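Since the structure is predicted, the reported quantities are computational estimates derived from the model, not experimental observations. Residue numbering restarts at 1 for every chain, and letters A, B, ... go by the order of the sequence lines.
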Number of protein chains: 2
Amino acid sequence: MIRIAVVDDKANNRKVITDKLSRNIFFAVAFQAVNGEDFLTQMRCLPEEDLPHIVLMDLEMPEVDGVSAIGTASSLYPNVKFVVLTIFDDDDKIFRAIRAGACGYLLKEESGEVINDMLMNLWESGAGPISPSIAYKILQMVQQPVTARPEKETGNIFQLSEREKEILQLLSQGLDYKEIGSKIFISPNTVKKHTINIYQKLHVNSKAQALRIAYTKGLI
Amino acid sequence: MIRIAVVDDKANNRKVITDKLSRNIFFAVAFQAVNGEDFLTQMRCLPEEDLPHIVLMDLEMPEVDGVSAIGTASSLYPNVKFVVLTIFDDDDKIFRAIRAGACGYLLKEESGEVINDMLMNLWESGAGPISPSIAYKILQMVQQPVTARPEKETGNIFQLSEREKEILQLLSQGLDYKEIGSKIFISPNTVKKHTINIYQKLHVNSKAQALRIAYTKGLI
DNA sequence: GATAAAATACTCCATACGGGTACTTTATTC
DNA sequence: GAATAAAGTACCCGTATGGAGTATTTTATC
């Protein structure tokens, strides 16, 4: 039985998706969430053996958007597969979602049959499900790799400020607030404030979790 | 009427492909070639109005292989779409073919129906046809752009015990002592002691520094 | 000049962490 | 079978950390 979580802010969308999934007896909806924040909270409460195998994630949501939710969760739960399921297909969203850790990108216009087939194939062979038109856009990204892609879109899926990136870098070196403060000539209190702000952007609550994301997402 | 050229060194392959194409009345086989050299020569002899719209190219051919033929032809004939049609799906070939200018990459195992659909879609919407498993490999190229992953087995240079390696692994996931303790059924105090012992073996004195070593030395 | 975002600095409080000591278990050696 | 070393277990203490605020200054943008 494949456990699948569905994250979408529209109740109707969730219903449509879960209905499609219910046609396949191997699929079970593990839980539903209405935004990234809600999703991450629910994930934290689940014991490991109840974690979903696959997460279907919409991108356009209030509070915490899908990209940053995938960025955090794919580092914290490396065995869970994250599949974007949305109506949008613009290059920037695709790129950022993939860099955040999505293994698939499906358009909602796909039929339930196609979605089910692709998810089953993901489970059996590990191949990420990708809608054809999305696949072509990804191909084009490979074709023009360094094409003046703004740095903020590529390396910065969490929207960290320059100061925050600097402090995350120093934290990774094992310095405490006092040491960092005297190194860059600000108060330890301010360092701490920055750190808390970083945690909020990464959706974590400890140094270890923040550093895990920083290392696995190439932030440092 | 969509003119399609077929390039493959095996006569039987060419026959199978052209048979599949003939099922669609909008397709016409412009010409066939047995290798890259032959293909380029025939292209040079054609007047512009007779150039194929789409070229189906095998990669494994004598004389001039598919990749370099695509590289040359995609520059000389920018309006022609080049689609790789092969049985191989290894990362290097995919990457090189795309960089050479291929707009699609199909596996021969695809059914004639699927290939026809995808070629028709290429004609109508301009979206390159890509087999799902290929699409996933391309996605991974975007995901791990600089996969400099030398990292050979870093044997146990720090002489960590099994328990210590286990705990270091759990620490890297951002779990605190209490969570680790309940996960492996020992007291949080004991987890803490193991952690301190790990610090001594790594010659560090904080979680951040220990994780830095763990990540950069490939301990986890 | 108005406004928003980022950076700065501080408080209080609960708790997780790093450093230490001490006991038990397991394995090995004589 | 006793001696011993290594790993594993457990607890206490002082401090750094994380959470939730409030507030002022600087910078950027329109």
I need the minimum non-hydrogen distance between Y105(A) and F88(A), along with the two atoms involved.
OH-O, 3.3 Å
Working note: D90(B) + F95(B), criterion side-chain contact (heavy atoms from CB on, under 4.5 Å); need CA distance, chi angles, decisive distance, verdict.
CA-CA 9 Å; D90(B) 64 277; F95(B) 186 74; over 6 Å; no
Measure from CG on L160(A) to P on dA6(C) and round the result to the nearest Å.
11 Å
Nearest-0.5 Å distance, CD1 of residue I138(A) to CD1 of residue I138(B):
7.5 Å
Going by atom types alone, do K217(A) and S74(A) pair a side-chain donor with an acceptor below 3.5 Å?
yes
Could you check L119(A) against L56(A) for side-chain contact (heavy atoms from CB on, under 4.5 Å), going step by step and ending with a plain yes or no?
CA-CA 10 Å; L119(A) 290 181; L56(A) 296 182; 4.0 Å; yes
Separation of I184(A) atom CD1 from dA6(C) atom C1', in whole Å?
14 Å
Dump the intermediate steps for side-chain contact (heavy atoms from CB on, under 4.5 Å) on M120(B) and I2(B), then the final yes or no.
CA-CA 9 Å; M120(B) 189 56 80; I2(B) 309 170; 4.1 Å; yes
Between Q159(A) (CD) and dA5(C) (P), how many Å, whole number?
12 Å
What is the distance from CD1 of I167(B) to P of dG18(C), rounded to the nearest Å?
13 Å
Return the set of residues passing side chain to side chain donor-acceptor pair (under 3.5 Å) with K201(A) (not counting sequence neighbours), or none when no residue passes.
E164(A)
So how far is it from T86(A) OG1 to I134(A) CD1, rounded to the nearest 0.5 Å?
9.0 Å
Axis-to-axis angle across the helix from dG1(C)-dC30(D) to dC30(C)-dG1(D), five pairs an end, to 10 degrees?
50°
Pairwise side-chain contact, I115(A) with K108(A), heavy-atom cut-off 4.5 Å (strictly under):
no
Value in whole Å for how far the C1' atom of dA7(C) lies from NZ of K165(A)
15 Å
Is there a side-chain contact between S68(A) and R96(A) (heavy atoms, below 4.5 Å)?
no
Please find the earliest and latest nucleotides of DNA chain D, in the 5' to 3' direction, that have an atom within less than 4.0 Å of any heavy atom of chain B.
dG8(D) to dC11(D)
Between the protein and nucleotides 9-13 of chain C, list the N/O to N/O atom pairs that are separated by less than 3.5 angstrom.
{"residue": "dA9(C)", "atom": "OP2", "partner": "S187(A)", "partner atom": "N", "Å": "2.5"}
{"residue": "dA9(C)", "atom": "OP2", "partner": "T190(A)", "partner atom": "OG1", "Å": "3.2"}
{"residue": "dA9(C)", "atom": "O5'", "partner": "T190(A)", "partner atom": "OG1", "Å": "3.4"}
{"residue": "dC10(C)", "atom": "OP2", "partner": "S187(A)", "partner atom": "OG", "Å": "2.7"}
{"residue": "dC10(C)", "atom": "OP2", "partner": "N189(A)", "partner atom": "ND2", "Å": "2.9"}

Please round to the nearest 0.5 Å and tell me the distance separating atom CE of M1(A) and atom CH2 of W123(A).
11.5 Å
Under 4.0 Å between a side-chain N or O of Y177(B) and OP1 or OP2 of dG18(C)?
yes
Between P on dG18(C) and CG on D176(A), what's the gap in Å once rounded to a whole number?
11 Å
Considering all heavy atoms of both residues, which atom of A97(A) and which atom of V84(A) are nearest to each other, and what is their separation?
CB-CG2, 3.8 Å
Which donor-acceptor pairs under 3.5 Å do the side chains of residues 184-194 of chain A make with protein atoms, sequence neighbours left out?
{"residue": "S187(A)", "atom": "OG", "partner": "N189(A)", "partner atom": "N", "Å": "3.0"}
{"residue": "S187(A)", "atom": "OG", "partner": "N189(A)", "partner atom": "ND2", "Å": "3.2"}

Please determine whether side-chain contact (heavy atoms from CB on, under 4.5 Å) holds for the pair Q209(A) and Y199(A), giving the CA-CA distance in whole Å, both sets of side-chain angles, and the decisive distance to 0.1 Å.
CA-CA 9 Å; Q209(A) 290 178 323; Y199(A) 291 172; over 6 Å; no
Can you tell me the distance, in whole Å, between the CG atom of L170(B) and the P atom of dC17(C)?
13 Å
When the distance from CD1 of I196(B) to P of dA16(C) is rounded to whole Å, what number comes out?
16 Å
Contacting residues from residues 204-215 of chain A, given that a heavy atom lies under 4.0 angstrom of DNA chain C:
none
